[in-house]
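Below is one structure; the comments refer to it alone.
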Amino acid sequence: MEYDIYKILNQYWGYFKFRPLQEEVIQSVLSGKDTLALMPTGGGKSLTFQVPALAQEGICLVVTPLISLMKDQVENLLKKEIKAISIHSGMTRDEIDIALNNCLFGGYKFLYVSPERLATEIFKVRVQKMKVNLIAVDEAHCISQWGYDFRPSYLKIADLRDLLPGVPVLALTATAKPVVCDDIMQHLRFAEPNKLSKSFERTNLAYIVRQTDDKMNQLLRIFANVEGSGIVYVRNRRKAKEIALFLKKQGISANYYHAGLTDKERAARQDEWKSDFTRIMVATNAFGMGIDKPDVRVVVHIEPADSVESYFQEAGRAGRDEKKAFAILLCDKSDRIKLENSVDQNFPEIPTIKGVYQALGNFLRVPVGGGKDLVYDFNFNDFVSTYKFQVITAYNSLRTLQREGYIEYNEDVNNPSKVHFIVNRDDLYKFQVANAAFDGFIKLLLRSYTGIFTDYVSVDEQVLARRAKVSPDVIFQFLSKLSTHKIISYIPHKHTPLITYTEERLDDKTLYIAPDRYRKLRENYGERITEVINYAFSNDTCRSQLLLGFFGQTNAPLCGSCDVCIKKTDAGIKNFEFIQICDTISKIISEEGALPLQNLANRIAFSEDKVVKCIRWLLDNDLLYYLNDDLIDLKK
């Protein structure tokens with residue numbers, strides 16, 4: 001069957017051609033093949049499932065763990081008049097029920113769903129009645145326990161294949177090593193391996209590492225020398241605010257961003273940064289997903305990330321317009337110590353984890369044997385304070401319990417107030433006649449929001465208060481009383497993390513964490529930390545080659561623009577000379593075999609000093625090696 005994917009691309013997105021790899025992925029999906037697409041940050045992953053879904057009858061099921069990204073994509077689709085809806089842990093059962101009914105009867109094209117919702121009975125029953133044309137799995141690396149962000153709830157995705165036989169799966173990720181790619185295709189039960197990817201190489205992006213004891217002054221030097229907008233990534237919310245204030249005091253336009261801000265604050269700060277009103281955004285890793293600003297000239301990490309994958313993804317937000325940009329990592333000796341200590345911190349002792357689990361059940365008042373599939377508001381600070389836990393121990397114990405499949409801990413929740421009329425228009429009119437005090441407010445609601453009879457609609461008490469010229473508290477009272485009268489269902493604004501029990505609460509003897517598997521996960525994490533240390537503290541290997549090597553691209557060329565490669569220029573060798581010398585060395589040895597160093601130096605039309613420096617650099621970077629005491633050969 002022929003699909004006019006270019007017409008869809010132009011109609012909804014205004015583009016006339018696809019980015020590299022997009023069309024290949026789309027054609028693979030439309031041919032009915034299970035597909036794994038590796039597309040670096042900024043590669044336009046969402047179009048690879050949105051276009052084929054719009055080209056076919058039915059609805060596309062999109063699985064993603066990021067509620068904020070889910071909301072952004074739904075809003076963007078709705079702005080294009082494409083019907084989309086989402087289901088996640090922050091919703092009531094009534095909201096979920098209405099959303100699923102809309103998917104069945106409302107002509108929706110996209111249903112975004114968080115992975116923990118897939119296993120609920122209400123979802124499994126309804127999804128079988130839908131005409132699903134595609135299952136898109138975003139952040140697909142989460143399905144692999146050897147990946148950097150494993151989530152057991154992702155393992156439930158494969159159950160959809162039994163409920164929706166014959167529906168193809170598109171798995172998407174920006175960063176995954178070969179072993180993780182194999183894991184993704186196996187766990188998603190691909191009919192046959194089908195991986196589509198493009199090189200992770202970013203020729204316009206210069207990777208720089210600066211080892212410094214004065215990171216703040218280094219930041220100032222960076223922003224004095226690099227024009228344009230930028231991002232500074234930090235590891236916690238406190239630092240985001242502190243560094244943003246520091247930059248402001250130095251006359252640099254900056255603001256901060258983290259998951260603790262309200263939806264309005266985050267949206268306003270994003271818009272100000274995207275429109276260049278704010279030059280620098282200082283942020284935790286909550287910032288960046290789904291934000292498409294092509295002209296970011298510099299991304300600075302104030303300290304190393306905890307995996308090469310996450311660093312590569314965040315750094316890759318610079319230079320999406322293919323113009324020169326910089327990814328800069330600032331580190332010092334204390335960062336190395338923190339990284340080495342993080343292995344113990346991220347993997348508490350098993351008895352400690354069990355203690356946190358039981359304390360959690362008591363804190364939330366979940367009885368042993370109960371709680372399965374129930375969602376609880378969770379104040380982490382109160383929990384830690386009540387049971388006198390160390391913050392980092394409690395946090396990583398909760399993450400371990402999530403990784404083991406006992407709970408889902410979701411910090412990414414910021415739900416606006418919602419209203420849904422639960423009476424029909426005739427009964428509403430009778431109520432207005434009998435209760436004149438509510439008439440004006442009900443009319444204001446109906447004028448302000450559409451679709452309020454068929455679905456839960458997000459409402460803003462502040463906006464309603466301004467329109468009615470009353471205080472927000474008066475609006476809250478009206479909404480609460482209408483809810484009491486069973487005229488509306490009113491869900492007040494919620495901004496709190498959530499705990500979902502994916503299994504019933506177990507007693508201490510029944511809760512099991514396999515020691516051997518836990519040890520292997522710890523070792524795997526330790527290996528990832530070693531990779532980060534190697535990247536941050538090595539000074540003799542091209543940064544781009546190091547990064548690409550982590551993702552299986554073992555024969556990548558020298559980038560010529562990282563801090564390591566630039567050292568060659570400082571040694572009196574111009575970059576084009578270095579590349580030419582290295583290419584000549586490779587060609588001679590490939591054709592003739594191993595040769596003595598002096599023989600090589602004599603065969604190349606550059607000064608002996610420059611040739612020897614290049615050979616030494618290639619030896620130091622493990623690209624050449626001594627076959628014996630004299631002969632030099634290419635590293636295979």
Side-chain angles (χ1 to χ4, degrees), residues 49 53 59-74 77 83-104 106 108-130 132 134-140 142-143 149-164 167 169-172 187-188 289 366 371-378 401-416 418 420 455-456 458 491 494 496-504:
F49 62 82
I59 189 169
C60 174
L61 192 62
V62 187
V63 184
T64 176
L66 302 165
I67 294 176
S68 57
L69 181 59
M70 189 186 293
K71 290 178 179 176
D72 287 345
Q73 290 207 2
V74 168
L77 288 167
K83 299 187 80 171
I85 201 164
S86 63
I87 293 174
H88 51 80
S89 293
M91 297 169 64
T92 65
R93 182 180 176 85
D94 194 31
E95 285 180 278
I96 292 170
D97 186 52
I98 290 173
L100 289 171
N101 275 342
N102 282 335
C103 289
L104 282 169
Y108 279 78
K109 289 300 297 181
F110 295 93
L111 168 58
Y112 285 75
V113 59
S114 56
E116 69 275 7
R117 294 288 93 193
L118 299 177
T120 59
E121 198 59 34
I122 185 173
F123 179 84
K124 288 192 290 187
V125 169
R126 301 286 182 84
V127 77
Q128 293 179 78
K129 299 175 182 177
M130 297 178 196
V132 177
L134 176 64
I135 301 167
V137 182
D138 202 10
E139 307 297 326
C142 294
I143 206 168
D149 192 19
F150 173 59
R151 295 170 182 251
S153 55
Y154 261 63
L155 297 173
K156 305 279 179 65
I157 298 173
D159 295 341
L160 288 171
R161 311 220 69 158
D162 298 322
L163 301 175
L164 302 168
V167 177
V169 169
L170 170 61
L172 295 155
H187 284 308
L188 289 176
M289 298 302 293
V366 180
K372 182 173 169 55
D373 292 333
L374 297 182
V375 182
Y376 299 86
D377 292 346
F378 179 60
L401 290 165
Q402 174 172 276
R403 194 168 55 235
E404 293 291 321
Y406 292 113
I407 63 168
E408 283 284 338
Y409 177 31
N410 199 327
E411 301 168 87
D412 180 34
V413 177
N414 196 351
N415 286 330
K418 293 181 181 179
H420 170 52
D455 198 1
Y456 278 88
S458 297
I491 304 170
K494 181 186 291 185
T496 177
L498 301 174
I499 293 285
T500 305
Y501 273 77
T502 47
E503 299 291 342
E504 67 274 4

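If you're wondering where the values come from, they're calculated on a predicted model, not measured in any experiment. Values below: all heavy atoms of this structure, side chains included; hydrogens, waters and symmetry mates excluded.
The shortest side-chain heavy-atom distance between Ile59 and Phe110 does not fall under the 4.5 Å cut-off. Counting only heavy atoms from C-beta outward, the side chains of Leu164 and Val127 approach each other to under 4.5 Å. Using a 4.5 Å heavy-atom cutoff, the side chains of Asn410 and Thr500 are not in contact. In this structure, Val113 and Leu61 have side chains that are in contact, with non-hydrogen atoms separated by less than 4.5 Å. With contacts defined as side-chain heavy-atom distances shorter than 4.5 Å, the pair Leu401/Tyr406 qualifies. The closest side-chain heavy-atom distance from Glu121 to Asp373 is not below 4.5 Å.
The aromatic rings of Phe49 and Tyr112 sit perpendicular to each other, their planes meeting at more than 60°, with 30° as the lower class boundary.
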Verdict with reasoning, Leu170 to Val137, per side-chain contact (heavy atoms from CB on, under 4.5 Å)
CA-CA 6 Å; Leu170 170 61; Val137 182; over 6 Å; no

Please evaluate residues Lys372 and Thr502 with respect to the criterion side-chain contact (heavy atoms from CB on, under 4.5 Å), reporting the C-alpha separation (whole Å), side-chain torsions for both, the decisive distance (0.1 Å), and the verdict.
CA-CA 5 Å; Lys372 182 173 169 55; Thr502 47; 6.0 Å; no

Test side-chain contact (heavy atoms from CB on, under 4.5 Å) applied to His88 and Lys71, step by step
CA-CA 10 Å; His88 51 80; Lys71 290 178 179 176; 4.2 Å; yes

I would like to know whether Thr64 and Gln73 meet side-chain contact (heavy atoms from CB on, under 4.5 Å); could you show each step before the answer?
CA-CA 11 Å; Thr64 176; Gln73 290 207 2; over 6 Å; no

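We find the CD1-CG distance between Ile85 and Asp455 to be 4.5 Å, quoted to the nearest 0.5 Å. Here Met70 contributes atom CE and Asp72 contributes atom CG; the two are 11.0 Å apart, rounded to the nearest 0.5 Å. Expressed to the nearest 0.5 Å, how far CD1 of Ile87 lies from CG of Asn102 amounts to 9.5 Å. One distance of note links CG of Leu111 with CD1 of Ile135; it measures 11.0 Å at 0.5 Å rounding. Note that OG1 of Thr120 is 10.0 Å distant from CZ of Arg126, once rounded to the nearest 0.5 Å. The line from CG of Leu163 to CZ of Phe123 is 8.5 Å long, rounded to the nearest 0.5 Å.
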Pair up each side-chain donor or acceptor in residues 150-160 with any protein partner under 3.5 Å, not counting sequence neighbours, and list the distances.
from, atom 1, to, atom 2, distance (Å)
Ser153, OG, Glu408, OE2, 2.8
Tyr154, OH, Asp138, O, 2.6

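Residues Gly371 and Val366 approach most closely at CA-CG1, 3.8 Å, considering heavy atoms. Taking both residues in full, the closest heavy atoms of Arg161 and Val167 are given as NH2-O, 3.3 Å, listed atom of the first, atom of the second, then distance. Nearest heavy-atom pair across Gln128 and Lys124 is NE2-O, 3.0 Å.
At least one donor-acceptor pair closer than 3.5 Å links the side chain of Lys109 to the backbone N or O of Ala53.
Relative to the ring axis of Tyr456, Lys418 does not place its NZ or CZ within 45° and under 6.0 Å from the centre.
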